[in-house]
Amino acid sequence: MNTYKIAVIPGDGTGPEVITEGVKVLKAASNRFGFELGFTWYDYGGKRYLRTGEVLPEGAVEDLKQYKAIYLGAIGHPDVKPGILEKGILLALRFALDQYINLRPIILYPGVDTPLKHKGPEDIDFVVVRENTEGLYVGAGGVLKKDTPDEVAVQESINTRKGVERCIRFAFEYCKRRNQKKKLTLCGKTNVLTYAFDLWERTFYDVAGGYPDIATDYAHVDATCMWMVKNPEWFDVIVTDNMFGDIITDLGAMIQGGMGIAAGGNLNPEGVSMFEPIGGSAPKYTGKNVINPLAAICAGQMMLDYLGEIEAAKAIEDAVKKVVSQDLKSLSAGRMGYSTTEVGDLVIEELRN
Ligand code: IPM
Ligand code: MN
């Protein structure tokens, strides 16, 4: 029997509640499809930081390398200054484990409300491939004369040929395997960021030469936002840098039904990958059993798919589709018509059928 060791980092806020439901569903899937999951829980997050002053303890990264995958809830605590936990845990893991792809499907399931008038599941079905280890996120730059009228702040975007190329290659391969419109759109800003996106554009068309069956397209990031609202059906796979990918995938989450359903994977195809709901820790809903666990459940589904348990992943996806179309009144916290734990139970019930 296939056995997978999974590190679980439930994190902050509602992270533990949604991850508990995700683990429940993953266990049900492993029972039904005949593989084994071994979960090891880690308490990294805001509470631990406030107690110990430590974000990731020494040796944490080496320790996490022994797992097949990491299942993450949410990082962010209202009593900790913004940036400390995000940089110290989430970004630190993405960088240290070289998870150079952030894969974010934007798929509207039947029966789910989208704020886009006249658009349905046939229109909203694409995937964003976000570069995940470079760009503005590397923390390059600095401050001079802080807290004086002459203060200078510089934050640089780092783009390497190697980093850009491996991301673009992944996107072409993914687009090929996805086998739908077979269209890859580069989202950039070649009209203003003439150094960074010149590198992206040249690399994009270099790599495209090896994929004659994939149609290529280019859109500036501002226009991408416009088209995602106006004509989302034009997209199949979008590839973009770290910052733009961050921004357009929040927009994407909204058109697919909200943070209640949006999931993503931080992938290192040669190493340890990490799967997470993208919505954050939602502190105001913490402990109320009202948050929607479907995004975490979908992140678990992406994890199984990535591990090669395709059938089980498909079954979870089908179960989620049924639950959103038949049962839930809304995907928003507190308005689902069910509690967090009940939604987990509904998915498991469908999974057993
Ligand atoms: C995301 C989040 C993170 C990011 C934050 C929490 C650092 O917004 O995963 O999209 O900016 O990447
Ligand atoms: Mn984000």
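Note that ligands are numbered from 1 as they come in the structure, with each ligand's atoms numbered from 1 the same way.
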Task: Any R94 heavy atom less than 4.0 Å to ligand 1 - done: yes

Task: Value rounded to 0.5 Å, distance of OG1 in T224 from OH in Y218 - done: 7.5 Å

TODO: Mark yes when over 12 heavy atoms from residues, nucleotides or ligands other than K182 sit less than 6.0 Å from its NZ; otherwise mark no.
DONE: yes

Task: Electrostatic pair K24:E21 at N-O distance under 4.0 angstrom - done: yes

- [ ] Take every heavy atom of R130, measure it against each atom of ligand 1, and state whether any distance is under 4.0 Å.
- [x] yes

Open item on the list: So, applying side chain to side chain contact (heavy atoms under 4.5 Å, CB included) with F244, which one of T249, D222, L193 is it?
Closed with: L193

Task: Closest protein heavy atom (residue, atom, distance) for atom 1 (C) of ligand 1 - done: R104 NH2, 3.3 Å

Task: Shortest non-hydrogen contact from F95 toward Y137 - done: CZ-O, 3.5 Å

Task: Residue and atom name of the nearest protein heavy atom (relative to atom 8 (O) of ligand 1), distance in Å to one decimal - done: D246 OD1, 3.3 Å

Task: Taking every non-hydrogen atom, the tightest pair across A253 and I278 - done: CB-CD1, 4.3 Å

TODO: Determine whether any heavy atom of I278 lies closer than 4.0 Å to an atom of ligand 1.
DONE: no

Open item on the list: List ligand 1 atoms under 4.0 Å from E86, heavy atoms only on the residue side.
Closed with: 6 (C), 7 (C)

Open item on the list: So, of the N/O/S atoms that D246 has, which is the nearest one to the Mn ion (ligand 2)?
Closed with: OD1

Task: Sidechain N-carboxylate O distance under 4.0 Å for K189, D241 - done: no

Open item on the list: Between ligand 1 and N102, is the shortest N or O to N or O distance under 3.5 Å?
Closed with: no

Open item on the list: With heavy-atom distances below 4.0 Å as the criterion, list the atoms of ligand 1 near Y137.
Closed with: 4 (C), 11 (O), 12 (O)

Task: Protein heavy atom at shortest distance from atom 3 (C) of ligand 1 - done: L90 CD2, 4.0 Å

